[in-house]
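Here's the structure, in structure tokens; my notes come after.
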There are 2 protein chains.
Amino acid sequence: MNRKNLSDEALALIASRFKLLGEGSRLKLIIALESGEQSVNELVAATGLTQANVSRHLAALTAGGILSRRKEGLNVYHAIADPGIFDMCESVCGSLQKSLGARAKVFR
Amino acid sequence: MNRKNLSDEALALIASRFKLLGEGSRLKLIIALESGEQSVNELVAATGLTQANVSRHLAALTAGGILSRRKEGLNVYHAIADPGIFDMCESVCGSLQKSLGARAKVFR
DNA sequence: CAACTATATGAGTAGTTAGTTATATTAGTA
DNA sequence: TACTAATATAACTAACTACTCATATAGTTG
């Protein structure tokens, strides 16, 4: 791919995906979902965030194509829609480990 | 890696790296640097951003370990310090292509 | 239908961030 | 030393974002 020819529109799309990942609470939710789909309430319990906050972040992640949404009775279950997300986390952790050196213990 | 055991500190580090990439102007700068190091003025010309703005973004990217900085006479040259960045862009473009389907033409 | 549960959303706030303009700093040059 | 060029920074503004509290909506159960 010739990245120099990316349109402003394409660039904005890429940036918005990175931006979705650039927030601790949303990362927490994504990580909590790594082991499988969960209801909103389960995610509230797993992350310690408030229900309103979780609901908002889930809506953003779903709109961005990172999560899927499935309603069943009273519950709404979210799941990872784009597993490529985890490759990206690996990449980031890898380069952080390199640049942080000794302090990288926290990532193991 | 067991992502569920990531400390809040580690999570914040990961998020902050994603956040640096989650902004169109900074992505422009990174892409402009893919072909090699450039001075601040060259980057101003390449991106169409103002000098002050470029200077700020370069400082942020350098502090975040994404760029390196080398001073030579009046000029300051920046370069990609972490080529892993481009793998991440590939990942994002790939999953965007999948999720956007036809509209993904812009990425080619 | 009334009561209850799970989730979403409106409204407001505090904090952050990208951008601008003007100026300061640093280094080379006449 | 005075002048010029390249980069950084201070001060400000406008827009955005995460968060909270309260309430609305949708679905379930008695």
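Residue numbers start from 1 in every chain, and the chains themselves are labelled A, B, ... in the order their sequence lines are given, proteins ahead of strands. In what follows, every heavy atom counts, from backbone to side chain, and hydrogens, waters and symmetry copies are set aside. If you're wondering where the values come from, they're calculated on a predicted model, not measured in any experiment.
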message = For A:Thr47 and A:Ser25: C-alpha separation, side-chain torsions, deciding distance, then whether side chain to side chain contact (heavy atoms under 4.5 Å, CB included) applies.
response = CA-CA 8 Å; A:Thr47 59; A:Ser25 298; over 6 Å; no
Between NZ of A:Lys71 and C1' of D:dT28 the distance, given in whole Å, is 12 Å
note: A:Leu21, atom CG; D:dA18, atom P; distance rounded to Å ~ 12 Å
With a 4.0 Å cut-off (strictly under) to non-hydrogen atoms of chain A, the first and last hit nts on DNA chain C, 5' to 3', are C:dT5 to C:dA11
Axis-to-axis angle for the helix from C:dC1-D:dG30 to C:dA30-D:dT1, ends of five pairs each, to 10°, equals 10°
Just by modelled atom types, is the B:Asn75 backbone N or O under 3.5 Å from a matching donor or acceptor in the B:Glu72 side chain?
no
Review item, nucleotides 6-10 of chain D N/O atoms under 3.5 Å of protein N/O:
unit_1, atom_1, unit_2, atom_2, d
D:dA6, O3', B:Leu74, O, 3.4
D:dA6, O3', B:Asn75, OD1, 3.0
D:dT7, OP1, B:Val40, N, 3.2
D:dT7, OP1, B:Val76, N, 3.1
D:dT7, OP2, B:Asn41, N, 2.7
D:dT7, OP2, B:Asn41, OD1, 3.3
D:dT7, OP2, B:Asn41, ND2, 3.4
D:dA8, OP1, B:Arg69, NH1, 2.2
D:dA8, OP2, B:Ser55, OG, 2.9
D:dA8, N7, B:Gln51, NE2, 2.9
D:dA8, N6, B:Gln51, OE1, 3.1
D:dA10, N7, B:Arg56, NH2, 3.4
D:dA10, N6, B:Arg56, NH1, 3.2

Restricting to side-chain hydrogen bond (donor to acceptor under 3.5 Å, both in side chains), what partner residues turn up for [X], sequence neighbours left out?
| X | value |
| --- | --- |
| B:Gln51 | none |
| A:Ser39 | A:Glu42 |
| B:Arg69 | none |
| A:Asn53 | A:His57 |

Those residues at least two apart in sequence (or on a different chain) that pass salt bridge (charged side-chain N to carboxylate O under 4.0 Å, His left out) with B:Glu37 are B:Arg70
Salt bridge (charged side-chain N to carboxylate O under 4.0 Å, His left out) filter on A:Arg17, not counting sequence neighbours, yields A:Asp82
### Task
Answer yes or no: is there a side-chain heavy-atom contact under 4.5 Å between B:Met88 and A:Phe18?
yes
Closest non-hydrogen atoms of B:Leu43 and B:Ala32, given as atom of the first, atom of the second and distance, are CD2-CB, 3.9 Å
